[in-house]
Chemist: 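To start, I am sharing the structure in question, which I have written as structure tokens.
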Amino acid sequence: MSHESLLYTVTQLAAGLGITVRTLHFYESQGLISPQRAGNTRVYTQRDRARMILILRGKRLGFSIKEIKEYLELYDIDPTHAQQTKALLKAVQSRIHSLEEQRLALEETLIELREIERQATDALKTIETQPKAARKPAVATK
DNA sequence: CTTCTTACA
DNA sequence: TGTAAGGA
């Protein structure tokens with residue numbers, strides 16, 4: 001396994017992943033990655049890079065740092081990846097369910113807003129149609 | 001100039 | 001996560 005030695009500096013890895021150095025420091029502070037150190041300077045390995053790719057995907061799909069961290073921890077131990085795969089499936093199904101609930105709530109909100117929009121539009125149409133003489137100002141004109 | 005930590009937004 | 005600050 002001689003390919004496990006490709007190393008990166010913070011700047012290189014950040015650029016390669018399309019993120020900032022600050023982001024790498026952030027995930028490290030959250031315990032999701034733990035790069036080696038050459039003195040006090042961080043040295044990232046291929047493994048760190050692979051983990052970051054998983055982290056970024058998890059974030060993109062809406063998972064919390066905690067959830068992503070738990071998944072990565074399982075990924076480390078269980079070699080067969082059986083346990084983490086089951087956990088992943090569960091988390092993914094949960095996320096799908098959550099998003100579907102949000103979609104339902106969103107659709108109901110849109111229905112209500114469109115109803116209000118319709119009523120307001122009708123009300124204005126009625127008002128604008130009335131002759132000026134028929135309108136009664138709420139406040140007397142100076 | 002690059003990197004690191006700490007802290008606040 | 002961005003940004004700023006201060007040190008190595």
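To find a chain, count down the sequence lines: A is the first, B the second, and so on, and within it residues start at 1.
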Chemist: Assess the side chains of A/Tyr44 and A/Gln12: does a donor N or O sit below 3.5 Å from an acceptor N or O?
Modeler: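 Checked: A/Tyr44/A/Gln12 side chains show no N/O donor-acceptor pair below 3.5 Å.
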Chemist: Assess whether a salt bridge exists between A/Glu28 and A/Arg42, defined as any Lys/Arg side-chain N lying under 4.0 Å from an Asp/Glu carboxylate O.
Modeler: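 The answer is yes: the pair qualifies as a salt bridge.
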Chemist: Using whole Å, report how far CZ of A/Phe26 lies from P of B/dT5.
Modeler: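 Checked: the CZ to P distance equals 15 Å.
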Chemist: Only pairs with both distances under 3.5 Å count, Watson-Crick or wobble alike; so what is the partner of B/dC1 in this structure?
Modeler: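 Result: none.
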Chemist: Are the charged groups of A/Glu117 and A/Arg114 less than 4.0 angstrom apart, N to O?
Modeler: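 A/Arg114 and A/Glu117: not salt-bridged.
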Chemist: Report yes if at least one side-chain N or O of A/Thr11 is closer than 4.0 Å to OP1 or OP2 of B/dT3; otherwise report no.
Modeler: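 Yes.
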Chemist: Please determine, by modelled atom types, if A/Gln93 and A/His97 share a side-chain donor-acceptor pair under 3.5 angstrom.
Modeler: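 No, because no side-chain N or O of A/Gln93 sits under 3.5 Å from a partner of the opposite role on A/His97.
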Chemist: Under 4.5 Å between side-chain heavy atoms, hopping through other hydrophobics if needed: is there a path connecting A/Ile53 to A/Leu24?
Modeler: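 Yes, one cluster joins them.
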Chemist: For A/Tyr44 and B/dT3, give me the distance from atom OH to atom C1', rounded to whole Å.
Modeler: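 Rounded to the whole Å, the gap is 10 Å.
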Chemist: At under 4.0 Å between heavy atoms, how does the protein contact nucleotides 2-8 of chain C? Give one character per nucleotide, 5' to 3', with B, S or -.
Modeler: BB-----
Chemist: For the pair A/Asp78 and A/Lys86, find out whether any cationic side-chain nitrogen is under 4.0 Å from an anionic carboxylate oxygen.
Modeler: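 No, this pair does not count.
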Chemist: Figure out the CD/C1' separation between A/Gln30 and B/dT6, and round it to whole Å.
Modeler: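 So the CD-C1' distance, A/Gln30 to B/dT6, works out to 15 Å.
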Chemist: Rounded to whole Å, please give me the gap between CD in A/Gln36 and P in B/dT3.
Modeler: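 Going from CD in A/Gln36 over to P in B/dT3 covers 17 Å.
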Chemist: Can you check the A/Leu7 CG to B/dT3 C1' distance for me, whole Å?
Modeler: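 My rounded result for the distance is 17 Å.
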Chemist: Quickly work out the A/Arg42 CZ to B/dC4 C1' distance and round it to whole Å.
Modeler: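 Atom CZ in A/Arg42 sits about 6 Å away from atom C1' in B/dC4.
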Chemist: Would you kindly give the NE2-to-P distance between A/His25 and B/dC8, to the nearest whole Å?
Modeler: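 Rounded to whole Å, this separation is 20 Å.
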Chemist: Please state how far atom CD in A/Gln12 lies from atom P in B/dT3, giving the value in whole angstrom units.
Modeler: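 Between P of B/dT3 and CD of A/Gln12: 9 Å.
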